[in-house]
Amino acid sequence: EYSKALSFYEKELEILRKTLPANHPLLATCFGNMAVLYQHMGEYSKALSFYEKALEICRKTLPANHPLLATCFGNMAGVYQHIGEYSKALSFYEKDLEICRKTLPANHPSLATCFGNMAGVYKDMGEYSKALSFYEKELEIFQKTLPANHPSLATCFGNTAVLYQHIGEYSKALSFHEKALEILQKTLPANHPSLATCFVNVGGLYRHM
């Protein structure tokens with residue numbers, strides 16, 4: 001119930017603005033919450049406006065490599081990607097990745113997520129070889145840190161398969177689709193929609209071949 005949620009966030013923001021300094025972290029949190037809400041509502045320009053307010057406070061009050069800054073960059077990148085402004089999305093994801101690389105262990109799942117986000121933008125831009133490179137980095141971390149049947153691994157296998165299909169490497173694509181399908185068959189109910197999607201992907205690939 002987004003309109004009701006928005007009404008309460010606005011009341012919160014009104015009180016915080018009257019009682020706190022302009023750069024207080026709680027204000028940044030409130031701006032971020034409102035941005036997420038507008039994003040869910042599909043009001044992307046408003047979402048970006050509130051993410052920018054949150055980012056402005058974070059930049060003034062946090063160290064340059066603080067994880068919350070990385071989160072701000074990633075959130076803004078996600079909106080830009082959704083509205084098709086891929087160069088801006090890439091720029092913010094790169095800032096996110098830069099902080100994660102400086103502050104996280106080399107095999108941290110959040111770093112894998114950064115790689116996956118970058119891959120997604122390159123895929124949307126049609127730069128499949130770059131996208132594949134980042135999906136491979138994501139997959140490498142997940143294979144080292146996640147259980148063999150983890151859903152994130154299935155997602156990564158599926159994304160990699162789609163890329164191989166785009167560049168015409170159908171046997172590799174099939175191999176990765178089968179890895180994804182194997183995990184989903186072990187972890188999901190037999191009638192789960194994600195299983196149906198995976199079957200369709202494999203079927204479509206056989207059709208191309």
Side-chain angles (χ1 to χ4, degrees), residues 1-125 131 134 137-138 141-142 145-146 150-152 155-156 159 194:
E1 295 195 30
Y2 299 133
S3 60
K4 287 185 180 178
L6 184 60
S7 169
F8 281 99
Y9 278 139
E10 286 171 345
K11 295 179 194 296
E12 177 190 31
L13 180 60
E14 184 181 359
I15 293 171
L16 293 179
R17 276 181 154 157
K18 288 178 179 177
T19 58
L20 295 177
N23 290 329
H24 196 282
L26 281 178
L27 268 171
T29 301
C30 190
F31 288 139
N33 289 336
M34 291 183 73
V36 170
L37 192 57
Y38 278 122
Q39 193 171 346
H40 282 304
M41 295 167 70
E43 296 196 34
Y44 299 117
S45 60
K46 287 185 179 178
L48 280 173
S49 172
F50 279 96
Y51 276 137
E52 285 165 355
K53 295 177 192 293
L55 179 60
E56 183 181 0
I57 293 174
C58 288
R59 276 181 155 155
K60 288 178 178 176
T61 58
L62 298 175
N65 290 328
H66 196 282
L68 280 178
L69 264 177
T71 300
C72 284
F73 290 137
N75 288 339
M76 292 188 68
V79 178
Y80 279 123
Q81 183 179 0
H82 195 85
I83 63 177
E85 294 198 34
Y86 299 128
S87 59
K88 287 184 179 178
L90 199 58
S91 171
F92 279 100
Y93 276 140
E94 285 169 348
K95 296 178 194 294
D96 179 18
L97 178 60
E98 183 182 1
I99 294 174
C100 288
R101 275 181 156 154
K102 288 178 178 176
T103 58
L104 297 175
N107 289 328
H108 196 282
S110 292
L111 194 55
T113 300
C114 286
F115 290 137
N117 289 336
M118 295 277 291
V121 179
Y122 278 122
K123 182 181 73 175
D124 290 342
M125 295 170 71
F134 279 100
K137 295 177 193 292
E138 178 188 36
I141 293 174
F142 281 158
T145 59
L146 297 179
H150 196 282
S152 292
T155 300
C156 197
N159 289 335
S194 293

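- Evaluation of the salt bridge (Lys or Arg N to Asp or Glu O under 4.0 Å) rule for E98 yields K102 as partners, not counting sequence neighbours.
- Residues forming a side chain to side chain donor-acceptor pair (under 3.5 Å) with D124 (at least two apart in sequence, or on another chain): Q81.
- Applying the salt bridge (charged side-chain N to carboxylate O under 4.0 Å, His left out) test to residues at least two apart or on different chains, none of the pairs has a partner in residues 72-84.
- Separation of atoms CG (N159) and CD (E138) is listed at 7.0 Å; rounding is to 0.5 Å.
- Atom CG of N117 is separated from atom CD of E94 by 12.5 Å, given to the nearest 0.5 angstrom.
- The NZ atom of K11 lies 12.5 Å from the CG atom of L13; values are rounded to the nearest 0.5 Å.
- No side-chain heavy atom of I57 sits less than 4.5 Å from a side-chain heavy atom of L62.
- Residues A54 and G32 share a closest heavy-atom pair of CB-N, 4.0 Å.
- Side chains of T71 and D96 form no contact here, defined as non-hydrogen atoms less than 4.5 Å apart.
- For the residue pair A106 and I141, the shortest heavy atom distance occurs at O-CD1, 3.6 Å.
- Atoms CZ and SG, from R101 and C114 in turn, are 9.0 Å apart once rounded to the nearest 0.5 Å.
- L97 has its side chain out of reach of F73: every pair of non-hydrogen atoms, C-beta onward, lies at least 4.5 Å apart.
- The distance from atom CG of L68 to atom OG1 of T61, rounded to the nearest 0.5 Å, is 9.0 Å.
- Every residue two or more places apart in sequence or in another chain was checked for a salt bridge (Lys or Arg N to Asp or Glu O under 4.0 Å) with E10, and none qualifies.
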List the atom pairs, donor and acceptor, that lie under 3.5 Å between side-chain atoms in residues 39-51 and the rest of the protein, sequence neighbours left out.
| from | atom 1 | to | atom 2 | distance (Å) |
| --- | --- | --- | --- | --- |
| Q39 | OE1 | Y51 | OH | 2.8 |
| E43 | OE1 | K46 | NZ | 3.3 |
| Y44 | OH | H82 | NE2 | 2.7 |

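- Y9 meets the ring-ring contact (aromatic ring centres under 6.0 Å, His included) test with no other residue; sequence neighbours excluded.
- Of all heavy-atom pairs between P63 and L69, the closest is O-CD1, 3.4 Å.
- Here the closest heavy-atom approach between residue A112 and residue F142 is recorded as CB-CE2, 3.6 Å.
- In plain terms, the two heavy atoms of N65 and I99 that are nearest each other are O-CG2, 3.2 Å.
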